[in-house]
**Student:** 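Quick one: the structure is below, questions incoming.
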Amino acid sequence: MSITTETVKSHLKDPAIFCCQRKKGLVIGPADLEDPDLFEDMMEAGLLTLSEEGLTIEQVLGAVLITDCDALSPILPTMVDTVKQPVAEEKKKTPEKAEEKSQSKITGEKEDKVLRTLVKRYYKVTDVVTGDITSFENGVVTIDRKLMEEALQADPIVKEIKIDVIKPEERHIHTDTIMDVCPVAAKVEGSLGEGITNVLEGAVFMLTGVDEDGTQVHEFGSSEGFLDERMAFGNPGCADEEDIIIRVEAVVQRLTGMERRGPYAAHKCEDVIIQAVRNVLRKTTDVPVREELCKDVKKYDKPRVVLVKEIMGQGAMHDNILCPTEPCGVPGGQKNVDLGNVPLMLSPNEVRDGGIHALTCIGPATKEMTRHYFREPLVEALAEDKELDLIGVIFVGSPQVNDEKAFVSERLGAWIETMDIEGAVVTTEGFGNNHIDFTSHIEQIGKRDIPVVGVSFCAYQGQLVVGNKYADAMIEINKDKEGFENEIAGCSEICPKDAARAVQMLKNKMMGVEIKPASRKWSQEVIDNNNRLLGL
Amino acid sequence: MNLTVVEGMQSEIFVPVTPDPVWTPLTKPLNTCKVAFITAGGIHRKSQAPFDTSGDYSYRSIPSAISTSELMVTHGGFDNSDINKDVNAMFPLDRLHELVKEGFIGSLAKEMYGFMGGGGNVDKFRSETGPEIAEKLKVQGVDIVLCTGGCGTCHRSATIVTRCCEEKGMSCCVIAALPPIAKQQGAPRITAPHVPIGSNAGEPNNKEMQTAILKDTLRFMAEEAEHYGMCKVLPYEYRHNV
């Protein structure tokens, strides 16, 4: 979040802080410096301590750095070759939080309150190789070959593990069904949702699986085939076009591919390998290429809204790990099936910091993989919307028993009633039986006179099996021409345009603006037209 | 509240309506009826081609004389472990033979049918698969058709095929783990034991429960279900700790 040349003028007398690590010899420019508007939040989050000795921005611009310098630390006179235009009495500005707060009390207007701050630091990966030791240096990830043996020890159900590295131009190769795409993110400071997380940019892990008989595991359909044809590259849950893919191929015990223990074992073993990379990423001395500042903000004067995400909870692969110790990890997390699928609240930042490891389910195209949650478009859209106060993200599992579906949905309704919210968006991955509880969640919210928008894949193949009168503002996320679960991993998941339509439809409903009833059959035209109205 | 609005947006997903009633009254005593069991839960013979788990409207014939050890499941929509333990949890063929022996029902259809209703193509099931299965059962002189679904869209496919059979003049009941779907999709009769998806016909290896679910369903058809759309909740509960 460096400062721009345009805004630098208004910050000349503010403290000069490097936004990222910088090497000796650098001629300091605006792009190297952190935006002073963020200091208060960073100090509150414990990420930044200003120094009495620190120079101001006008004192360092154009100066040459004579020593390596860490991110988010003040630039001292001893670190530069020359101090430009010293302005003694204004050289630092300590944000005066306490005073501002008391002022807002007097006027009765409450200012936004930053509840927690997370900095995601992205490190560019230029290559991934295997070797004798795991390391991350100068953009190169080296994965210790011995990790494959170590990973096998994590669960006896996994009989074989292989790793290979697939460059973007090498994707026309066979892949078994794609179980998951998982980013590599390591906690450097703080706990889930706050502090600092280091993230690899340009490389992701991809887990595939078969059982000992060669049967594709864990899915309703399978994305096996040529990799370049089997993933919707660039979608939130998928590998991006330019990503290097680190593939982990697991072979699980015969007949366990469609039982809960089989897929879980494969994820556990993969995580042993990812953890080794996290451990070196945590300590990297490379310079991050960018930083993303995520804030959980309480916006007092804006309408409170909540995002409800229905996730699968029916055993087999239909399971998710919540709040693991490491971002997107496995150990330390709770499985929603074991928790009885009851609704749980995560803060938007906890979601964005890898609070969900998806064991991923349903069809390849309609499932939400781990990377999806790490950059969930609806979480981003609602959290960043200046007109809405996103109070949190509720995750509710979809049980396999009808009575339990009613139970979790009624508990959600009772909880919603106490939240004093003015709007809600309900999403689900997959289609079919989970639509029973998905539409029930919509009903539970709608019947309490709270405007609600539903988001799902339905189209042709997944058309709703049940419904009610509250499901009158719905967003279709299908991306397949024929409206089918097309077995392309991540094809019909929530994408940024879907999120934008959902947020707008919610605002319309909250403001009492009419939403025209759906046509009697799935029609892409309706979706295109809504996009057009939003200029998308 | 002051929010940006955009006029003219339209809801993108249609909410289903329940189709017209179909109804064939059951007029014969149970012990003279010929009974068929069909399932959308992906059951087939081990020697047959497995279903395409992403959506498949084909079906497999299952001779009622076959041993259940020759049957298996191919379905990607739920945890398969219960059926892997005991195929009667979805397709209770052994229990049906016992009911014939006991004299509770008259006889079994020689040929029954398995299909994989998950993600099922609604139009194909309605216009091809359903009518074909109904015709084949009718030709065998079947009076009663019982049906299990597996997952959610399976219940939809199961109900579509069941409606075809009812239209063809057989009395049908869906044994539903997900009764709201069977109801919304227009099942003529529904019984609903408290069972998870994947053991829709009762707990695996629990002969008493499986038998009771079948008997209660048949009694409901003969004695209670007087009109279209009735649903009876059965007092059998099984929790599958996956």
Side-chain angles (χ1 to χ4, degrees), chain A residues 219-222 255 258-260 303 314-316 318 337 363 387-388 400-403 422 431-436 454 456 458 461-468 471-476 484-485 487 501 504-505 507-508 510-511 513 515-522 526-527 529-530 533-534, chain B residues 1-17 50 52-55 73-81 84 118-123 149-156 159 176-185 192 194-199 237-242:
Chain A
E219 282 197 302
F220 183 104
S222 154
L255 279 179
M258 274 302 299
E259 297 188 0
R260 191 179 178 201
Q314 297 143 15
H318 307 283
V337 170
E387 299 179 335
L388 301 172
Q400 60 174 174
V401 180
N402 199 60
D403 305 352
E422 294 178 71
F431 59 95
N433 78 79
N434 56 299
H435 278 157
I436 295 177
S456 178
C458 290
Q461 191 180 20
Q463 49 193 282
L464 287 178
V465 284
V466 288
N468 56 65
D472 58 358
M474 306 287 285
I475 297 296
E476 172 65 70
F484 278 83
E485 160 53 73
E487 302 184 284
R501 294 202 306 285
Q504 188 55 58
M505 202 174 268
K507 287 183 183 179
N508 284 4
M510 288 167 74
M511 292 294 285
V513 172
I515 295 152
K516 291 188 231 165
S519 51
R520 289 186 63 83
K521 282 203 164 157
W522 160 64
V526 173
I527 298 154
N529 195 43
N530 282 341
L533 287 170
L534 271 61
Chain B
M1 196 190 307
N2 190 18
L3 301 172
T4 313
V5 297
V6 174
E7 302 271 351
M9 287 186 84
Q10 184 177 3
S11 182
E12 300 172 359
I13 297 171
F14 180 66
V15 175
V17 282
D52 175 353
T53 54
S54 69
V73 60
T74 301
H75 198 305
F78 51 80
D79 194 292
N80 289 178
S81 52
N84 288 344
N121 185 322
V122 173
D123 289 342
C151 65
T153 39
C154 280
H155 277 70
R156 182 178 70 196
T159 304
L178 303 170
I181 299 180
K183 203 172 253 182
Q184 178 107 35
Q185 299 291 317
H194 302 266
V195 290
I197 305 163
S199 16
E237 183 165 339
Y238 160 53
R239 288 280 181 272
H240 177 196
N241 293 321
V242 285

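These values consider heavy atoms only, across backbone and side chains, with no hydrogens, waters or symmetry-generated copies. These numbers were taken from a predicted model, which means no experiment stands behind them. Throughout, a chain's letter reflects where its sequence line sits, starting with A, and its residues are numbered from 1.
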**Student:** For the candidates A:Ile515, A:Val526, A:Asn530, which exhibits the highest count of non-hydrogen atom pairs separated by less than 4.5 Å from chain B?
**Tutor:** A:Asn530
**Student:** For A:Asn508 and B:Val6, which heavy atoms make the closest approach, and how far apart are they?
**Tutor:** ND2-O, 2.6 Å
**Student:** Between CE of B:Met9 and CD of A:Gln504, what distance do you get to the nearest 0.5 Å?
**Tutor:** 6.0 Å
**Student:** Please classify the contact of A:Val466 with chain B as side chain, backbone, both or neither, using a heavy-atom distance under 4.5 Å.
**Tutor:** both
**Student:** For each of B:Glu237, B:Glu7, B:Arg156, tally heavy-atom pairs with chain A at distances under 4.5 Å, and name the one with the top tally.
**Tutor:** B:Arg156
**Student:** I need the residue from B:Ala176, B:Cys151, B:Gly120, B:Pro196 with the largest number of non-hydrogen atom pairs under 4.5 Å to chain A.
**Tutor:** B:Pro196
**Student:** Compare every heavy atom of B:Gln185 with every heavy atom of A:Val465, then report the nearest pair and how far apart it is.
**Tutor:** O-NE2, 3.2 Å
**Student:** Between chain A and each of B:Thr159, B:Asn2, B:Asp52, count heavy-atom pairs under 4.5 Å; write down the option with the most.
**Tutor:** B:Asn2
**Student:** Non-hydrogen atoms of chain A under 4.5 Å away: do they reach the side chain of B:Thr4, the backbone, both or neither?
**Tutor:** both
**Student:** Taking A:Ile527's backbone N and O only, do any of them form a donor-acceptor pair with B:Gln10's side chain (distance below 3.5 Å, no angle check)?
**Tutor:** no
**Student:** Among the options B:Gly119, B:Gly149, B:Gly118, B:Pro50, pick out the one with the most heavy-atom pairs lying under 4.5 Å from chain A.
**Tutor:** B:Gly119
**Student:** How long is the straight-line distance from CE of A:Met511 back to CG of B:Leu3, given to the nearest 0.5 Å?
**Tutor:** 5.5 Å
**Student:** Quick one: OG1 on B:Thr53 to CD on A:Glu487, what's the gap to the nearest 0.5 Å?
**Tutor:** 6.5 Å
**Student:** Measure the CD-CZ distance between B:Glu12 and A:Arg501 for me, rounded to the nearest 0.5 Å.
**Tutor:** 4.0 Å
**Student:** If you measure from CE on A:Met510 to CE on B:Met1, what distance do you get to the nearest 0.5 Å?
**Tutor:** 4.5 Å
**Student:** Less than 4.5 Å apart, any side-chain heavy atom of B:Asp79 and any of A:Met258?
**Tutor:** no
**Student:** Hey, is the main chain of A:Gln461 close enough, under 3.5 Å, to the side chain of B:Asn121 for a donor-acceptor pair?
**Tutor:** no
**Student:** Check B:Gln184 against A:Gly467 and note the closest heavy-atom contact, atom names and distance.
**Tutor:** OE1-N, 3.2 Å
**Student:** Where is the tightest heavy-atom contact between B:Phe14 and A:Arg520, given as atom of each residue plus distance?
**Tutor:** CD2-O, 3.3 Å
**Student:** Answer with side chain, backbone, both or neither: which region of A:Ala471 has an atom nearer than 4.5 Å to a non-hydrogen atom of chain B?
**Tutor:** both
**Student:** Let me confirm one number: the CG-CD1 distance from A:Asp472 to B:Ile13, rounded to the nearest 0.5 Å.
**Tutor:** 12.0 Å
**Student:** Does a donor on one side chain and an acceptor on the other come within less than 3.5 Å for B:Asn84 and A:Glu259?
**Tutor:** yes
**Student:** Is the backbone of A:Pro517 close enough, under 3.5 Å, to the side chain of B:Ser11 for a donor and an acceptor to pair up by distance?
**Tutor:** no
**Student:** Can you check whether B:Val195 reaches A:Val401 side chain to side chain, under 4.5 Å on heavy atoms?
**Tutor:** no
**Student:** Quick check on side chain to side chain contact (heavy atoms under 4.5 Å, CB included): which of B:Val122, B:Val15, B:Thr153 does A:Gln463 satisfy it with?
**Tutor:** B:Val122
**Student:** Given that the side chain runs from C-beta out, which part of B:Val73 has a heavy atom under 4.5 Å from chain A: side chain, backbone, both or neither?
**Tutor:** neither
**Student:** Using a cut-off of under 4.5 Å for heavy-atom pairs, which of B:Cys154, B:Gly152, B:Ser54, B:Gly55 has the most such pairs with chain A?
**Tutor:** B:Ser54
